[in-house]
Amino acid sequence: MRSSGIRMMVGVAAIGLMMLLSSASADDVVALTEATFGNEVGKDRAALVEFYAPWCGHCKRLAPEYEQLGASFKKVKSVLIAKVDCDEHKSVCSKYGVSGYPTIQWFPKGSLEPKKYEGARTAEALTAFVNTESGTNVKIASVPSSVVVLSSDNFNEVVLDETKDVLVEFYAPWCGHCKALAPIYEKVAAAFNLDEEVVIANVDADKYKDLAEKYGVTGYPTLKFFPKSNKAGEDYSGGRELGDFVAFINEKCGTYRDGKGQLTSKAGIVASLDDLVKEFVSADDNEKKAVYSRLEEEVKKLKGSAARHGNIYLKLAKKGMEKGADYAKNEIQRLERMLEKSISPAKADEFTLKKNILSIFG
């Protein structure tokens, strides 16, 4: 299978993952505070509550399983899947006898007398527990992965592709640090899935020892970056939080994403066209066509993503000539309304790029 095919399949899967994980973080797993705990728990629905600490390795390993649980029960009105940050809300955690992390407790409907969960920390085991306690019959939601899985068969095809910037995690299945990194790495992959020239991948270095040896891997996880310009690979020595990876990839790959995979306000802007755009905006109707022609010539010189964005400049400039001086302002307002609606990640990218570029014409 060619790498473009791999990217296509991963792309379809990851759109679902992005929607699922962002939904889980925002709505499916409810973050409770000292102020809201009493309003949500012990009322007209049962609740499973995870008491955690942000620095806790076991909590980080549980996070993707718990998010999957939240996604599975998001349409079940009789059950709340929630969590409490015990670093921020110590009084709540102290009240319920929490002394280690994570602690998971079940609160029956109308009760503030919890039952401690003692089972396995997997989405499947948690789902079975909640079903038993609540009388529901929920099936676990499947979460597709957006990380490209490498092996000896496809490593060179994917990683050494000179049209791609590739970040590779060399991991071992038994490695605790690797397990803690997994949910963060998954979110990194989802965040950059729509950038076709960026690949987030991993390889089981315990299974493919030849690859680990070839790239000097002696500990896990080891992360190496293979940019288009250096397929020998470079060590990644940055932080291992989502924001660290996002900042690194944006800097190295020329992308403009945030941790949720949304484009920032700088996305699509081609600095070399700024002066011509200013000239185009200030020109009268008779002069605009001449400036537009010069803009066309400059866009022809661009390559890669800059060329794609330059063509958006041309389309918007042409629309501006057709529709008049208020086009940019009115179109920005329309796009902002569209972005507030529930739309696909691909559409959100399209609208954000247009809005960003239109701001230069404003």
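Note that the coordinates shown come from a computational prediction; the quantities given were computed from them, not determined experimentally. Residue numbers start at 1 and run along the sequence shown.
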ask   = Looking at D349, N250, T264, which hits side-chain hydrogen bond (donor to acceptor under 3.5 Å, both in side chains) with R257?
value = D349
query = Once you round to the nearest 0.5 Å, how far does CZ of R337 lie from CD1 of I332?
reply = 12.0 Å
message = Looking only at the side chains, is there a donor atom on one of T163 and D161 sitting less than 3.5 Å from an acceptor on the other?
response = yes
Under 3.5 Å: donor-acceptor pair, side chain of K43, backbone of E40 = no
message = Under 4.0 Å between a side-chain nitrogen and a carboxylate oxygen: does that hold for R121 and E50?
response = no
key: I140-W106 co-clustered via ILVMFWY side chain contacts under 4.5 Å   = no
query = Should the pair R294-E297 be classified as a salt bridge under the 4.0 Å nitrogen-to-oxygen rule?
reply = no
query = Do the side chains of Y171 and V203 join up, straight or via other hydrophobic residues, at under 4.5 Å, putting them in one cluster?
reply = no
task = Determine whether the side chains of T33 and E88 contain a donor N or O and an acceptor N or O closer than 3.5 Å.
result = no
message = Could you check whether any side-chain N or O of D284 sits under 3.5 Å from a backbone N or O of N286, counting only pairs where one atom can act as donor and the other as acceptor?
response = yes
request  = Please assess V158 against K164 for the test side-chain contact (heavy atoms from CB on, under 4.5 Å), listing each intermediate value before the final yes or no.
outcome  = CA-CA 8 Å; V158 175; K164 312 289 185 188; over 6 Å; no
key: Over all atoms of both residues, closest heavy-atom pair of A53 and D87   = CB-OD1, 4.3 Å
message = Strictly below 4.0 Å, N to O, side chains only: are E350 and K347 in salt-bridge contact?
response = yes
ask   = Distance-only, no hydrogens or angles: does the S145 side chain make a donor-acceptor pair with backbone N or O of V147 under 3.5 Å?
value = yes
ask   = Going from CG on D204 to CG on L211, what distance comes out if it is rounded to the nearest 0.5 angstrom?
value = 10.5 Å
task = Please answer whether the main-chain N or O of D206 pairs with a side-chain N or O of K209 as donor and acceptor at a distance below 3.5 Å.
result = yes
task = Would you check if the distance from the ring center of Y313 to the ring center of Y292 is below 6.0 Å?
result = no
request  = Drop me the distance from K354's NZ to K315's NZ, to the nearest 0.5 angstrom.
outcome  = 8.5 Å
key: SB check K323 E331 (cutoff 4.0 Å)   = no
query = Would you say the side-chain atoms of S146 pair up with the backbone N or O of A190, donor to acceptor, closer than 3.5 Å?
reply = yes
query = Taking atom types as modelled, is there a side-chain donor on E65 or T122 under 3.5 Å from an acceptor on the other?
reply = no
note = Result for ring-ring contact (aromatic ring centres under 6.0 Å, His included) between F225 and one of F248, Y215, F245 points to F248
ask   = Could you give the distance from OG1 (T127) to CG (N137), rounded to the nearest 0.5 Å?
value = 11.0 Å
query = If you round to the nearest 0.5 Å, how far is CG of D274 from CD1 of I269?
reply = 7.5 Å
inquiry  = Starting from V149, can I reach V166 by hopping between I/L/V/M/F/W/Y residues whose side chains sit under 4.5 Å apart?
reply    = no
message = Would the distance check show the side chain of N311 and the main-chain N or O of A307 forming a donor-acceptor pair, the cut-off being under 3.5 Å?
response = yes
task = Mark yes or no: K83 above the aromatic ring of Y66, with NZ or CZ under 6.0 Å from the six-membered ring centre and no more than 45 degrees from the axis.
result = no
inquiry  = Which residue in the set K252, K228, K231, K224 passes salt bridge (charged side-chain N to carboxylate O under 4.0 Å, His left out) when paired with D165?
reply    = K228
request  = Please check if the distance between the ring centroids of Y117 and F129 is under 6.0 Å.
outcome  = yes
query = Going from CD on E34 to CG on D85, what distance comes out if it is rounded to the nearest 0.5 angstrom?
reply = 10.5 Å
